[in-house]
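As the structure is a prediction and not an experimental result, all values here were calculated from the model. Values reported hereafter were calculated over all heavy atoms of this structure, with side chains retained and with hydrogens, waters and symmetry mates removed.
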Amino acid sequence: MDGGAPFDPVRLGLTDLAQLMPMHLWIDRAGLIRATGPTLAKLWPEPMEGLPFFDVFDLRKPLEVTAATDLARLAGHRILLAVRHGAPHTLRGIAVRAGDGQGTFINLSFGLAVAEAVRDHQLSHADFAPTDLTVELLYLTEVKGAVMGELAALNARLRTAHEQAEAAAMTDALTGLANRRGFETAFARTLSAAERGAAFALLHLDLDHFKDINDSLGHAAGDEALIHVAAVLRAELRGQDIGARVGGDEFVVLVQGRCDEIAAGRLAARLIAGIERFKPASGDVARLSASVGAVLSQHYAAPRADRLLAAADAALYEAKRTGRGRCVVARA
């Protein structure tokens, strides 16, 4: 009553009810499902109408309601339930008593699990009431996913660009070998491993007759020669070894692992032989060779960069002095 005027009861058809509340559930006094909203119906593989409520749903709250005769007691309570043998989404809702003894009416939602439910049941905005905040939540979820995806892609691009910039900063542009900075970084790692007992060999190469090629055939032929040397190093070194161009016609090789004088000499001989096979693209005759000074870390109780580099330089000078195109292994 309002000012003495009675209200007529509001009556809605099931079609209108489905539009307003697409996840409603109507249970009669016998505990049978009379009607469901279209979205709720998608959670069960067959029509729910006529099935006992407890055959379809697992009521998790309130726990004291366990039988069909108790369902009327759900009115006014917040409800948690899940579809039996279906997706493990906990549905949340509230129940009211239907008029004229027609049973119980429950309106349900997915709660915070809506994004997972949309994914699992392939739902869209049409499966929710137009005024339902779920629609806005889904939109925000999509926007967040798109933004996070873009941020992840941007971070990946930045990480790749940073790695490429670091690699470029440590790479000789002409030969593709490590440059002096790249060699120093690798040498520092190698010395650190040597402190823990690892062994290595250091070979310092200086090209013989390179100036003659530059002077007689031009710098383009000189560049060809340097690229040829880099190819020889790549062919002869193992994956864990390092080849670097540290000066105009100076190269350094770090051979990882124990290497005796014979093995170092054989490697140097292969490098020299490969370098001497250089032929300019022009077809001109060019003489190219290399002198090598080698030093073995096991000859030093405490390998230090300055001592090893000085010893390799001295051995290289000796190779140059005694005829070139040969290798001398330094003695500690």
Side-chain angles (χ1 to χ4, degrees), residues 160 163-191 193-194 198-211 213-214 217 219-283 286-297 305 308-309 312-313 315-316 319 324-329:
T160 299
E163 291 170 354
Q164 290 174 343
E166 279 195 335
M170 295 190 180
T171 302
D172 177 60
L174 177 64
T175 64
L177 298 175
N179 59 16
R180 179 174 291 277
R181 179 180 174 187
F183 163 70
E184 290 173 350
T185 301
F187 196 21
R189 288 198 302 266
T190 301
L191 288 170
F200 66 92
L202 171 67
L203 278 63
H204 188 179
L205 288 76
D206 187 84
L207 299 184
D208 300 325
H209 316 297
F210 178 71
K211 186 176 183 300
I213 293 175
N214 263 338
L217 302 180
H219 291 288
D223 288 348
E224 285 183 46
L226 296 173
I227 293 170
H228 171 76
V229 173
V232 172
L233 264 60
R234 289 192 187 92
E236 294 294 342
L237 299 181
R238 303 165 302 172
Q240 66 268 35
D241 300 331
I242 302 294
R245 180 188 176 203
V246 296
D249 61 344
E250 290 183 73
F251 295 80
V252 175
V253 170
L254 279 173
V255 182
Q256 307 295 335
R258 185 168 292 277
C259 180
D260 59 22
E261 292 188 24
I262 295 176
R266 287 174 177 170
L267 173 59
R270 292 197 304 273
L271 294 176
I272 294 169
I275 291 170
E276 290 179 346
R277 286 193 288 269
F278 170 65
K279 292 181 180 180
S282 63
R287 182 185 179 194
L288 183 68
S289 187
S291 298
V292 181
V295 60
L296 309 179
S297 66
L308 293 176
L309 291 171
D313 284 346
L316 172 61
R324 302 185 179 184
R326 61 194 300 271
C327 173
V328 171
V329 179

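Glu224 places a side-chain N or O within 3.5 Å of a backbone atom of Ala281 that can act as its donor or acceptor partner. Looking at Arg245, its side chain does come within 3.5 Å of a backbone N or O of Gly248 through a donor-acceptor pair. Between the side chain of His228 and the backbone N or O of Gly274 there is at least one donor-acceptor pair closer than 3.5 Å.
Contact detail for Ser297 and Ala199: the closest heavy-atom pair is OG-CA, 3.4 Å. Scanning both residues, Leu288 and Ala225, for their nearest heavy atoms gives CD2-CB, 3.9 Å. For the residue pair Gly243 and Leu233, the shortest heavy atom distance occurs at CA-CD2, 4.1 Å. Across every non-hydrogen atom of Val328 and Arg326, the tightest pair is CG2-NH1, 3.4 Å. Scanning all heavy atoms of the two residues, the minimum distance from Ala294 to Ala315 falls at N-CB, 4.0 Å.
When the shell of 6.0 Å around CZ of Arg258 is examined, it contains 12 or fewer heavy atoms from other residues, nucleotides or ligands. The 12-atom threshold is not exceeded at CZ of Arg287, counting heavy atoms of other residues, nucleotides or ligands nearer than 6.0 Å.
Rounding to the nearest 0.5 angstrom, the gap separating the CD atom in Glu250 from the CZ atom in Arg180 is 7.0 Å. In this structure, Leu271 CG and Leu203 CG are separated by 7.0 Å, a value rounded to the nearest 0.5 Å. In this structure, Leu296 CG and Leu308 CG are separated by 9.5 Å, a value rounded to the nearest 0.5 Å. Atom NE2 in His204 sits 10.0 Å away from atom CZ in Phe251 (nearest 0.5 Å). The structure places CG of Leu174 at 12.0 Å from CG of Asn179, a figure rounded to the nearest 0.5 Å. Atoms OG and CG, from Ser289 and Asp206 in turn, are 10.5 Å apart once rounded to the nearest 0.5 Å.
In this structure the side chain of Val252 never reaches within 4.5 angstrom of the side chain of Ile242, judged on heavy atoms. Counting only heavy atoms from C-beta outward, the side chains of Phe183 and Leu177 never approach each other to under 4.5 Å.
The side chain to side chain contact (heavy atoms under 4.5 Å, CB included) test with Asp249 is passed by exactly one of Ile213, Asn214, Leu207: Leu207. Among the candidates Val253, Leu267, Asp241, the single residue satisfying the side chain to side chain contact (heavy atoms under 4.5 Å, CB included) test with Glu236 is Leu267.
In the model, Ser291 has a side-chain atom that pairs as donor or acceptor with a side-chain atom of Asp208 under 3.5 Å.
With sequence neighbours excluded, no residue forms a ring pair (Phe, Tyr, Trp, His ring centres under 6.0 Å) with His209.
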- Task: Check the pair Leu202 / Leu309 against side chain to side chain contact (heavy atoms under 4.5 Å, CB included), numbers first and verdict last.
- Result: CA-CA 8 Å; Leu202 171 67; Leu309 291 171; 3.8 Å; yes
- Message: Show, in sequence, the C-alpha distance, side-chain angles and deciding distance for Leu205 and Ile275, and conclude whether the side chain to side chain contact (heavy atoms under 4.5 Å, CB included) test is met.
- Response: CA-CA 11 Å; Leu205 288 76; Ile275 291 170; 4.0 Å; yes
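Using cut-offs of 30° and 60° for the angle between ring planes, the Phe187 and Phe200 rings count as perpendicular.
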